[in-house]
Amino acid sequence: MALDAGRPHKLRWGELDEDDGGDLDFLLPPRVVLGPDENGIKKTIEYRFDDEGNKVKVTTTTLVRKLARARLSKRALERRSWPKFGDAAREDVSSRLTMVSTEEILLERPRAPGSKAEETKAAGDPLAAIGKAGAVLMVCRTCGKKGDHWTSKCPYKDLAPQTDGFIDRPAAAETAASSGPSKGTYVPPGLRPGAERSGTEMRRRNDENSVRVTNLSEDTREPDLHELFRPFGPVTRVYVAVDQKTGASRGFGFVNFVNREDAERAINKLNGYGYDNLILRVEWATPRPN
DNA sequence: GATGAGCGG
């Protein structure tokens, strides 16, 4: 760069170590750092080519320690006068007091297959051997059965009302009911003292109050469906099937109601209803398999 | 004519 025959230009930082001339730097002696000495004076000696291509020596003097000293505690200052020990006593470490650790540190993932935690568990628990793929972790919170199904798939999940033995009625709720609110324990509104308990109808899962809507126009989205069905009663879920790739509506969707009666009224009212130039079909959805 | 995605303690 500096030796360019053409007009020299100032080197910008982005050009340093680039291949447009910077590679001549290897011809220069290495940079030398001296100190800091007892007065905190650090000297840096380096060489570079000037604009005319001449080798020049550049000496930089910096005051290091005086600045730092102002912030050092008495105790720290005292430590500085200690004789060197350990590695520092054996080496010249004036310019490298910090070292890179070569110690190998293994990070352990608690549930990684083959990890220690996993092996110990598998050895102790016979059930763990059966469901290595994580099935053992599958303990139904409704019926307590292990390794068979998730809570959401429990064959008893629709059974109502649930008995005290079941897990999803926290023991804390009973305590709260008898002795007032206990600190730090959330009690869902339905389990609070004085909450209405209207037996089977209330506790019933509403999965089957699912209404299928077909012949939707391309640009009907979930909010539109919600607007359309909301007047009939509380809606728990609105879904419009979309093509995963294109994002375009597939022209059908589902609406779930809290109450079956509302769903029924919606079907009766909206089936055959003209919406967005199309005639809607609204009917009971057959529950999704699985 | 057409029947959804995702998530695990």
Side-chain angles (χ1 to χ4, degrees), chain A residues 109-113 115 117-118 120-122 124-125 127-128 130-158 162 165-173 184-188 191 205-230 232 234-258 260 262-264 266-268 270-290:
Chain A
R109 286 188 296 146
R111 259 206 283 285
S115 77
E118 182 74 15
T120 334
K121 214 173 121 217
D125 186 357
L127 275 170
I130 302 167
K132 258 220 149 163
V136 211
L137 302 171
M138 192 165 66
V139 179
C140 177
R141 284 174 168 158
T142 302
C143 73
K145 195 164 180 186
K146 288 179 194 168
D148 192 55
H149 53 257
W150 291 103
T151 308
S152 57
K153 303 281 159 61
C154 179
Y156 308 111
K157 76 176 186 322
D158 288 341
Q162 299 191 331
F166 288 157
I167 305 166
D168 73 347
R169 174 200 281 241
T185 311
Y186 175 76
V187 178
L191 292 177
R205 304 281 300 216
N206 61 336
D207 288 0
E208 68 256 37
N209 303 334
S210 184
V211 172
R212 182 186 56 163
V213 189
T214 51
N215 213 29
L216 289 168
S217 72
E218 276 262 308
D219 38 37
T220 304
R221 293 293 150 139
E222 276 150 15
D224 308 315
L225 263 200
H226 191 228
E227 286 304 300
L228 189 61
F229 283 85
R230 203 166 54 163
F232 298 93
V235 166
T236 55
R237 194 180 66 123
V238 178
Y239 177 86
V240 169
V242 288
D243 187 297
Q244 288 295 89
K245 270 198 270 193
T246 65
S249 167
R250 291 169 64 193
F252 68 92
F254 297 90
V255 178
N256 285 30
F257 283 90
V258 173
R260 191 170 178 83
D262 296 338
E264 191 153 14
I267 291 171
N268 291 336
L270 293 180
N271 187 28
Y273 179 82
Y275 186 71
D276 233 12
N277 310 325
L278 293 175
I279 306 295
L280 288 187
R281 262 183 73 175
V282 183
E283 52 211 323
W284 290 114
T286 54
R288 189 155 39 119
N290 237 0

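The structure displayed is predicted, hence computed values, not measured ones. Each chain gets a letter, A, B and so on, in the order its sequence line appears, and its residues count up from 1. Scope of the values below: all heavy atoms of this structure, side chains included, with no hydrogens, waters or symmetry mates.
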Handout entry: Nearest-angstrom distance from the residue atom CG of A/Leu280 to P of B/dG1
Key = 16 Å

Exercise for the section: Take atom CG of A/Leu225 and atom P of B/dG4, then tell me their distance rounded to the nearest Å. Expected result: 16 Å

Exercise for the section: Could you check how far CG of A/Asp243 sits from C1' of B/dA2, rounded to whole Å? Expected result: 14 Å

Practice task
Please work out which of the three classes, parallel, tilted or perpendicular, describes the rings of A/Phe254 and A/Phe252, given edges at 30° and 60°.
Solution key: perpendicular

Exercise for the section: Ignoring the backbone of A/Arg212, work out which of B/dA2, B/dG4, B/dT3 is nearest its side chain. Expected result: B/dT3

Practice task
Ignoring the backbone of A/Ser152, work out which of B/dG8, B/dA2, B/dG4 is nearest its side chain.
Solution key: B/dG8

Exercise for the section: Report the residue (A/Leu216 or A/Val242) whose heavy-atom-nearest nucleotide on DNA chain B is the more 5′ of the two. Expected result: A/Leu216

Problem - Residue A/Asn215, side-chain atoms from C-beta onward, closest of B/dT3, B/dA2, B/dG4 - result: B/dA2

Exercise for the section: Figure out the CZ/C1' separation between A/Arg221 and B/dG4, and round it to whole Å. Expected result: 14 Å

Practice task
Round to a whole Å and report the spacing from CD1 of A/Ile279 to C1' of B/dG1.
Solution key: 16 Å

Exercise for the section: Test A/Ser210 against every option in A/Thr236, A/Thr286, A/Asn256 by the side-chain hydrogen bond (donor to acceptor under 3.5 Å, both in side chains) rule and name the one that passes. Expected result: A/Asn256

Handout entry: Between CH2 on residue A/Trp284 and CZ on residue A/Arg212, distance to nearest 0.5 Å
Key = 13.0 Å

Practice task
Starting at CE of A/Met138, measure out to OG1 of A/Thr151 and round the result to the nearest 0.5 Å.
Solution key: 10.0 Å

Practice task
Begin from the C-alpha positions of A/Leu216 and A/Leu278 and carry the test side chain to side chain contact (heavy atoms under 4.5 Å, CB included) through to its verdict.
Solution key: CA-CA 7 Å; A/Leu216 289 168; A/Leu278 293 175; over 6 Å; no

Problem - Gap between atoms NZ and P, on A/Lys245 and B/dG4 respectively (whole Å) - result: 17 Å

Practice task
Would you state whether a donor and an acceptor, one from the side chain of A/Arg281 and one from the base of B/dG1, lie under 3.5 Å apart?
Solution key: no

Practice task
Under 4.0 Å between any heavy atoms, over every strand shown, what does A/Phe252 touch: base, sugar-phosphate, or nothing? Just pick one.
Solution key: sugar-phosphate

Handout entry: Of the listed nucleotides B/dG6, B/dT3, B/dG4, the one nearest the side chain of A/Tyr239
Key = B/dG4

Handout entry: Residue whose closest nucleotide on DNA chain B lies nearer the 5' end, A/Thr214 versus A/Arg250
Key = A/Thr214

